[in-house]
Amino acid sequence: MSGHARPARRRLGPLPYLRSVAGQAFVLQLLLILVLVTAAVVAVVADARAHSTLDAHRRSLAVAETFAHSPGMARAMSDEKPTSALESHAEAARKRSGVDSVVVFNTRGIRLTHPETPLIGKRIVGPAGLVRDELRGKTISQAFRASQGLSVVSAVPVTKADGTFLGGVSVGVKIQSVHRTVDRRLPMLIGSGAGALVLATGGAALLNRRVRRQTHGLGTAQMTRMYEHHDAVLHSVREGVLVLTADRRLLLVNDEARELLRLVPDAEGRHVGSLGLEPHLTELLTSERHVTDEVYPCGERLLSVNMRSTGRAGAPAGSVVTLRDTTALRVLSDRAVETSERLKLLSDAGVRISSTLELTGTAEKLVDVAVPRFADIAAVELLDPVLRGEEPEPPYEPLAPHRTAVGGTPAEAPLFRVGERVVYAPSTPQSRAVRTGAAVLLQADPTGTGEWPAGEARRLLDHGVHSLITIPLRFRGVTLGLATFWRARHRAPFDETDLAFAGELAVRTAVCVDNARRYAREHTMVTALQRTLLPGGLPDQDAVEAAARYLPSPGRTGGSWFDVIPLPGARVALVVGKVAGQGLHTAATMGRLRTAVQNFSARDVPPDELLSHMDELVTRLDLEHDADAHGTRITGTGCLYAIHDSVSGHCTVARAGDPGLVLAHPDGTVDVPAVPVSQPLGLGGERFEAVGLSLPAASRLVLYTNGLLESHDQTTDTGLDLVRRALAAEPDLDPDETCRSLFQTVLPPRPSDDVALLVARTRLLGPENVAEWDVPFDPAAVAPLRAACARRLRAWGLEDAVCTIKLIISELITNALRYGAPPLHIRLLRDRRLVCEVSDGSSTAPHMRRAATTDEGGRGLFLVAQYAQRWGTRYTPYGKVIWAETPLDGR
């Protein structure tokens, strides 16, 4: 019998081993080791591939930068045959660096070098955004999928010494070629992993054998000692343990559970329903649920309960229950939660209060943070000097700050409102806080017999407020204002902990209030400067009817400006400009450029020539700032300059940069004239182009900066469409009404920049106010022409001006005949003034000189200057015009 049993035991030998704890532990260890080794190999391979890709980015960018910045690169690209000068060097660089391609391209994207010769001379290819960035001269490094697979391409611009963009160098590395190096190392990594797996398996096997030896062969005495030790631990552990049978009777209970549940001495063997426990706890113990750390009240205690089944295969399912007293832990947890909330509130306060540089906004942020998370009602009051941007000086009594922000105010509470001046008596907590420089905590006496200040605080007490904290907002020893917090009946009163927290809030707020005060002072100064630099009013002239508006950006000072400049010959110049940037320097620069435009306008040059002069001026100013380490560049300034001639109805426009122009015709049609957009002032290298427009009378010209159209929520195209619709909807508005309408319908609610808007409605000088004659180039023609002019002046009712105009005409025509060239033309204009213009075909500049006593000539222009109110010269494509203005009353 025993001889037959041995073979069966050998056949079934492995099964008991696998059922043992040691066997299962060995299998589990083996599986874990396999998973860890596999994961390690995969992670190493993935990490190597990631690092190789990163190395490809760095290598391609390094090669591109080295080749682009190599000596002679700019000279080679400027050569007539750059390919022959660069091809051999590019191939040599590619082979030495191990990259897949080195491509040099010019500003049009034409390849000058390429590893594949047939592709030289063709345009570079790739994603549209990548190619666009390369042609804009940006340094890039990007991976994308090309025809040959996933590649890394880096591009670096090539520039001259003066920064002129000549082209770029593009270096490509195939990801596949980089990963090939990693794949060659893969067998070694797998071999290392397999070796580690073998070693770990052997170690686990040795450990398993040791465990089996230590758990086999235990005797009765050893098992008894183990039980006694288990029983001692069970009754001494600081956690209650209950063991329940399948029919929910108490099988085992330790001393801790007996004390926590206040069980009777003979509780073992009794049903849990008869133990006198709390109903919800009894319901839990009689159920068969699995519970983890559920909290149940038991008398004055809070017990954390865990319950698990003890069922085994073929045995009745009982339960084991553990209990922990978490009452003290819950108190500590509540305090920790409260502390965490306070820290989070302080963090939120620091972020939100410092998010604005506006005094009212800073006060409102504090109120928003404090209510309702810290207080039921909060108020912030600032002293008068702070609101003016000044620093208050003690003494601060009588204390009468302005209430700047209030939050959480009950509708029925008679609290001071925002903007009101609050006068505090010396006995109030607010006055004591400012006087002592420390926070004051005040609680209402529950019996109603305690001292509570009169006034607002007493009225709040009648509406359920039971405690307050008032604290001065101090920074660098200066009191800027104060903050007051109230709590009502549904919350616990303020205590000393709340007092410390309110102090932290006040410190953070005071810093932000002082920053906002300084910013308000500086902003006020800059805004005042800017207002003085902008036109105080538009000049009187008859060429157009004009109106303008300027709107500064919220909280900032921009550089937009407008101008209307009368020109001789019944003409007017309309200007809108924009200096990039914000602040004092921008405002001052705007004033300088506006003055420069007026000075250049006095030379009566065409719009494109004026912009050229302005471009040179901006460049020169920037060169001056480059010499100053603290200088700010103004390159990028925009300007739109238009000249309207009320005699011919012709308007000439040129612009640099962003300022725009919209034309509304008298019949209600609206269009955007195709004015060439030249680069902003200061960039140089591009000529400015002017365009001519023929405008009937009552046409509206709308000149604007982009602040009118753009915002964070509105694009330029959307704003321009709104302008078209607004002008077309109301074609009969005058310029002032048009400005008001555009600000109401087009201006975004929150403009992203300041706005300059100029609207001009054109006028035309009637033919009856214009007289013209072509003059033969013969001195004998002076007398008949002088007589014809006199007759026209008498016809206009200007008898008093005849002698003066005859003298001026004689001198101007005589000068033209002596120093000028045909054709000769004269024109009289009757506007606000009488204008006499003599034009000839010569560009020789006339100049006035003082003749000596013995000189026979040299007094002509001197006489003109004496008798005319103003005189000057302007040049035309066909010669020049000398003009003189006299008042219509003959004086």
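Positions are given from 1, in the same order as the sequence printed here. What you see is a predicted model; the values in this text were computed from it and never measured.
- At least one donor-acceptor pair closer than 3.5 Å links the side chain of Ser467 to the backbone N or O of Phe494.
- No donor-acceptor pair under 3.5 Å is formed between the side chain of Asp563 and the backbone N or O of Val575.
- Scanning for ring-ring contact (aromatic ring centres under 6.0 Å, His included) contacts around Phe485 gives Phe374, with sequence neighbours left out.
- For the pair Thr292 (side chain) and His290 (backbone), a donor-acceptor distance under 3.5 Å is absent.
- Pairs of residues two or more places apart, or lying in two chains, that qualify as salt bridge (charged side-chain N to carboxylate O under 4.0 Å, His left out) and include a residue from residues 422-435 are Glu397-Arg435.
- Side-chain atoms of Asp622 come within 3.5 Å of backbone N or O of Thr635 as a donor-acceptor pair.
- The closest donor-acceptor contact from the side chain of Thr586 to the backbone of Gly559 lies at 3.5 Å or more, if one exists at all.
- The CZ atom of Arg403 sits 8.5 Å away from atom CG of Leu482, with the distance rounded to the nearest 0.5 Å.
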What verdict does the salt bridge (Lys or Arg N to Asp or Glu O under 4.0 Å) test give for Arg517 and Asp514, after you've listed the backbone C-alpha separation in whole Å, the side-chain angles of each residue and the deciding distance to 0.1 Å? CA-CA 5 Å; Arg517 177 191 65 81; Asp514 189 69; 3.0 Å; yes
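- Remark: side-chain polar atoms of Asp721 are not paired, donor with acceptor, to backbone N or O of Thr718 under 3.5 angstrom.
- Taking Ala588 as the reference, nothing meets the side chain to side chain contact (heavy atoms under 4.5 Å, CB included) condition, with sequence neighbours excluded.
- With hydrogens and angles ignored, the 3.5 Å screen pairs no side-chain donor or acceptor of Glu730 with any backbone N or O of Thr738.
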